[in-house]
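Notes follow once the structure below has been shown.
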Amino acid sequence: MKQTVQKNTLSFSCSKSMKWLRTPKDIWKDLSEEFDFTCDMCASDQNHLVDKYYTIETDDLKQDWNGEVGYVHPMFDGKIGKFVEKAANSKGTFVFLLPASTHTRYFHKFFYKKDNVEIRFLEKGKKGFHFGHDDGTEPDENEIGYIKPLMICIMKND
């Protein structure tokens with residue numbers, strides 16, 4: 001029996017327990033030193049990293065992103081492509097923390113071989129990437145963290 005998989009289902013997803021994650025401190029430290037972020041584009045009321053932020057409740061994808069230096073960490077859900085497309089259609093600088101899913105349609109359509117995009121693949125530590133919890137508590141660094149590869153994609157739309 002032949003099994004068919006729709007193209008739009010070939011994206012990374014995670015468990016419901018990982019729905020709201022804080023960016024690993026070392027990744028955020030490096031990015032916040034490099035970029036003067038004006039907005040956290042996909043946050044929660046508990047995990048936002050910038051004073052101005054959008055949430056699911058404020059319908060982050062319907063907000064005006066023009067003129068922002070936005071941090072975009074879309075919680076690794078099935079809507080990553082929508083966040084990438086929103087940034088691509090907005091004027092500003094957008095810095096994404098994403099799974100290194102180079103097989104996805106959004107990667108090829110909006111990131112790969114684009115003059116306005118820089119892609120940085122992150123080196124994983126021996127025990128993976130350790131995302132903080134939404135309540136502000138830190139994970140146990142001795143446990144195995146997220147082991148799949150991550151990338152930073154910087155999109156500059158003048």
Inset, instruction - Could you pull out all residues at least two apart from Thr102 that satisfy side-chain hydrogen bond (donor to acceptor under 3.5 Å, both in side chains)? - result: none

Legend entry - Qualifying residues under ring pair (Phe, Tyr, Trp, His ring centres under 6.0 Å), relative to Phe107, sequence neighbours excluded: Tyr112

Legend entry - salt bridge (Lys or Arg N to Asp or Glu O under 4.0 Å) against Lys29, all qualifying residues, sequence neighbours excluded: Glu33

Legend entry - Test item: Ile80 and Pro99 side chains (from C-beta on) under 4.5 Å apart, heavy atoms: yes

Legend entry - Smallest separation among heavy atoms of His48 and Val50, with atom names: ND1-O, 3.1 Å

Legend entry - Residues that Lys109 engages under side-chain contact (heavy atoms from CB on, under 4.5 Å), provided they are two or more places apart: none

Just list the side-chain donor-acceptor pairs under 3.5 Å for residues 123-131, sequence neighbours left out, or say none.
residue: Lys124; atom: NZ; partner: Ile147; partner atom: O; Å: 3.3
residue: Lys127; atom: NZ; partner: Asn142; partner atom: O; Å: 2.8
residue: His130; atom: ND1; partner: Glu141; partner atom: OE1; Å: 3.4
residue: His130; atom: NE2; partner: Glu143; partner atom: O; Å: 2.8

Inset, instruction - State, with a plain yes or no, whether a side-chain heavy atom of Ile119 is found less than 4.5 Å away from one of Ile152. - result: no

Inset, instruction - Hey, could you give me the CG/OG1 distance between Leu31 and Thr23, rounded to the nearest 0.5 Å? - result: 8.0 Å

Inset, instruction - Could you grab the distance from atom NZ of Lys156 to atom OG1 of Thr93, nearest 0.5 Å is fine? - result: 6.0 Å

Legend entry - Distance, nearest 0.5 Å, that separates CG of Leu150 from CZ of Phe121: 11.0 Å

Inset, instruction - Take Phe94 and Asn157, measure what side-chain contact (heavy atoms from CB on, under 4.5 Å) needs, and give me the verdict at the end. - result: CA-CA 8 Å; Phe94 304 98; Asn157 300 328; 4.2 Å; yes

Inset, instruction - Output all residues satisfying side-chain hydrogen bond (donor to acceptor under 3.5 Å, both in side chains) with Glu34, sequence neighbours left out; order by chain, then residue number. - result: Arg120

Inset, instruction - Please round to the nearest 0.5 Å and tell me the distance separating atom CD of Glu57 and atom OG of Ser44. - result: 8.0 Å

Legend entry - Listed partners of Asp45 passing side-chain contact (heavy atoms from CB on, under 4.5 Å), at least two apart: Tyr53, Thr55

Inset, instruction - Answer yes or no: is there a side-chain heavy-atom contact under 4.5 Å between Tyr106 and Ser101? - result: yes

Enumerate, atom names and distances included, each donor-acceptor pair closer than 3.5 Å involving a side-chain atom of residues 35-43, sequence neighbours excluded.
residue: Thr38; atom: OG1; partner: Glu68; partner atom: OE1; Å: 2.4
residue: Thr38; atom: OG1; partner: Val69; partner atom: N; Å: 2.9
residue: Thr38; atom: OG1; partner: Val69; partner atom: O; Å: 3.4
residue: Asp40; atom: OD2; partner: Leu49; partner atom: N; Å: 2.9

Inset, instruction - Please list, chain by chain and in numerical order, all residues satisfying ring pair (Phe, Tyr, Trp, His ring centres under 6.0 Å) with Phe111, sequence neighbours excluded. - result: Phe96

Legend entry - Asp51 CG: over 12 foreign heavy atoms closer than 6.0 Å: no

Inset, instruction - Just jot down the side-chain contact (heavy atoms from CB on, under 4.5 Å) partners of Asp30, sequence neighbours excluded, or say none. - result: none

In a table with atom names and distances, give each donor-acceptor pair under 3.5 Å that connects a side chain of residues 83-91 to protein atoms at least two apart or in another chain.
residue: Lys86; atom: NZ; partner: Leu61; partner atom: O; Å: 3.1
residue: Lys86; atom: NZ; partner: Gln63; partner atom: O; Å: 2.7
residue: Asn89; atom: ND2; partner: Glu85; partner atom: O; Å: 3.1
residue: Ser90; atom: OG; partner: Lys86; partner atom: O; Å: 2.8
residue: Lys91; atom: NZ; partner: Asp158; partner atom: O; Å: 3.0

Legend entry - Partner set under salt bridge (Lys or Arg N to Asp or Glu O under 4.0 Å) for Lys113, not counting sequence neighbours: none

